[in-house]
Amino acid sequence: DVVIATENVEKHPLQSRWALWFFKNVRSQPWQCNLRLVTTFNTVEDFWALYTHVQLASKLSSGCDYSIFKDGIEPMWEDSRNKRGGRWLITLSKQQRHSDLDTLWLETLLCLIGEAFDEHSEEVCGAVINIRAKGDKIALWTRETENREAVTHIGRVYKERLGLSSKAVIGYQAHADTATKSSSLTKNKFVV
Amino acid sequence: GKRQYDRDFLLGFQFMPACV
């Protein structure tokens with residue numbers, strides 16, 4: 001009876017439907033062939049079903065990414081909803097893969113699906129985690145670099161939610177700048 | 001209105017049997 005009752009409870013709908021993408025670097029294939037849409041979800045319950053089913057980010061091999069984007073937005077600069085935007089970038093040391101990476105990524109996911117950025121949540125496109133030997137990265141993507149108020153609000157809330165020290169500084173980079181330079185050289189448009 | 005969920009609410013669903 002308990003099982004039946006549980007099944008009858010309505011799931012909790014999210015504001016947006018989200019898509020999980022997985023990227024695995026296979027050098028012999030073009031970049032886009034290495035990027036796969038895993039699935040989409042639009043309830044709290046389905047999010048957790050997915051989260052507990054897939055590998056933790058820290059267990060992925062180097063060169064892999066997870067991306068979570070609003071359904072219909074592809075996790076690439078070229079998408080029309082991304083191309084004028086940018087990203088709040090969190091760069092991690094090698095040691096942090098084992099201490100902080102999974103916690104920071106889960107917190108990022110909860111910010112997205114919970115619409116943590118108030119009226120500016122509509123500016124959010126998605127988030128990406130890159131697993132790399134030289135240091136992992138997490139980025140929160142927004143759609144319009146010029147929306148300074150929204151971008152900085154999102155950055156301040158995001159930094160607080162990640163529990164970063166007030167002395168730590170995170171930067172926001174325009175995709176248009178990242179696309180033309182290596183990310184380590186891209187200048188920050190905003191910092192919080 | 002917008003469906004906003006705070007982190008504690010969302011985390012409360014993490015280990016629910018229906019999610020496994």
Side-chain angles (χ1 to χ4, degrees), chain A residues 1-18 39 41-54 56 68 70 102-124 127 150 153-154 157-163, chain B:
Chain A
D1 290 351
V2 172
V3 172
I4 291 167
T6 306
E7 284 175 351
N8 286 340
V9 172
E10 277 189 38
K11 293 179 180 177
H12 294 74
L14 302 174
Q15 177 69 25
S16 302
R17 175 175 286 276
W18 297 89
T39 190
F41 59 91
N42 68 347
T43 68
V44 177
E45 287 81 354
D46 289 350
F47 163 73
W48 285 116
L50 178 61
Y51 181 81
T52 55
H53 185 71
V54 300
L56 282 173
I68 179 169
K70 286 176 179 165
D102 292 325
T103 310
L104 294 174
W105 178 238
L106 177 57
E107 197 63 40
T108 302
L109 298 176
L110 297 182
C111 285
L112 296 187
I113 69 169
E115 307 283 328
F117 308 107
D118 309 301
E119 72 272 25
H120 299 302
S121 287
E122 284 169 28
E123 290 287 317
V124 172
H153 175 83
I154 289 166
V157 171
Y158 186 43
K159 182 179 169 183
E160 189 186 337
R161 284 285 299 261
L162 293 182
Chain B
K2 193 181 283 292
R3 292 195 189 96
Q4 279 187 288
Y5 297 117
D6 68 32
R7 68 187 299 280
D8 291 337
F9 179 85
L10 292 169
L11 284 166
F13 288 85
Q14 185 171 10
F15 300 111
M16 288 216 171
C19 299
V20 177

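Each chain gets a letter, A, B and so on, in the order its sequence line appears, and its residues count up from 1. We use all heavy atoms of the structure for the numbers below, so side chains are in, but hydrogens, waters and symmetry mates are not.
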Checklist entry - So, does A:Trp48 use its side chain to make a donor-acceptor pair with the main chain of B:Gly12 at under 3.5 Å? => result no
Checklist entry - If you take all heavy atoms of A:Ser121 and A:Ala116, which pair is closest and at what distance? => result OG-N, 3.8 Å
Item to check | A:His53, part contacting chain B, at a heavy-atom distance under 4.5 Å | outcome: neither
Next on the checklist: Measuring only between side-chain heavy atoms, which start at C-beta, is B:Tyr5 closer than 4.5 Å to A:Leu14?
Outcome noted: yes
Checklist outcome for this item: In terms of heavy-atom contacts, A:His12 and B:Phe9 come closest through CD2-CZ, 3.7 Å
Item to check | Sequence-distant partners of A:Glu160, salt bridge (Lys or Arg N to Asp or Glu O under 4.0 Å), two or more places apart | outcome: none
Item to check | Part of A:Phe47 within contact of chain B (heavy atom distance under 4.5 Å) | outcome: neither
Checklist entry - Minimum heavy-atom separation for A:Pro13 to B:Arg3, with atom names? => result O-CD, 3.1 Å
Checklist entry - What parts of residues 106-113 of chain A touch chain B if we use heavy atoms and a cut-off under 4.5 Å? => result A:Leu106, A:Glu107, A:Leu110, A:Ile113
Checklist entry - Are any non-hydrogen side-chain atoms of A:Glu122 and B:Lys2 less than 4.5 angstrom apart? => result yes
